[in-house]
Amino acid sequence: MSASSCQIVAFPAAARASEVQEAALVIKRLSTGEAQAWWKSRARRMAAELRAAGVDEDEVSHEVADFQSAVFFTLTRLYENDSQSAQAPQ
């Protein structure tokens, strides 16, 4: 990015709570292979949408990586909650 231009991302992908939660829930219910394929498709679609909006390639990579981190953090929390629920006395 040159000194005379700036890039604004109006709403960072990682901050889109409903999309993050939805992605984590989709991944959780799929088998490993299906989840990997779904994730690759989702990440590619997000990158394509950002590029189409004029976002530069470095920021595209950053946004997809941040979204991935948010999704996998949420997925970890979902599994932790499941584990705690299973261990709780009934």
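Side chains are part of it too, since the values below use all heavy atoms of this structure and drop only hydrogens, waters and symmetry mates. Residue numbers start at 1 and run along the sequence shown.
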Undergrad: Check the hydrophobic clustering (I, L, V, M, F, W, Y; side-chain heavy atoms under 4.5 Å; chains of links allowed) and say if Leu78 and Phe73 are grouped together.
TA: no
Undergrad: Is it true that the side chains of Asp58 and His62 contain a donor and an acceptor less than 3.5 Å apart?
TA: no
Undergrad: Can you tell me how far CD of Glu63 sits from CZ of Arg16, rounded to the nearest 0.5 angstrom?
TA: 7.5 Å
Undergrad: State whether the side chain of Thr74 and the backbone N or O of Ala70 hold a donor-acceptor pair below 3.5 Å, judged by distance alone.
TA: yes
Undergrad: Using the salt bridge (Lys or Arg N to Asp or Glu O under 4.0 Å) rule, collect all pairs that involve residues 23-36, keeping only residues at least two apart or in two chains.
TA: Lys28-Asp82
Undergrad: Any chance you could measure Gln21, atom CD, to Leu75, atom CG, to the nearest 0.5 Å?
TA: 10.0 Å
Undergrad: Can you measure from OG (Ser31) to CD (Gln36) and round to the nearest 0.5 angstrom?
TA: 8.5 Å
Undergrad: Tell me whether Thr76 contacts the main-chain N or O of Phe72 through its side chain, where contact means a donor paired with an acceptor under 3.5 Å.
TA: yes
Undergrad: What are the two closest heavy atoms between Val55 and Val60, and how far apart are they?
TA: O-CG2, 3.7 Å
Undergrad: Got a second to check how far Trp39's CH2 is from Met46's CE, nearest 0.5 Å?
TA: 6.5 Å
Undergrad: Restricting to non-hydrogen atoms, name the atom on Phe67 and the atom on Glu19 that form the minimum distance, rounded to 0.1 Å.
TA: CZ-O, 3.9 Å
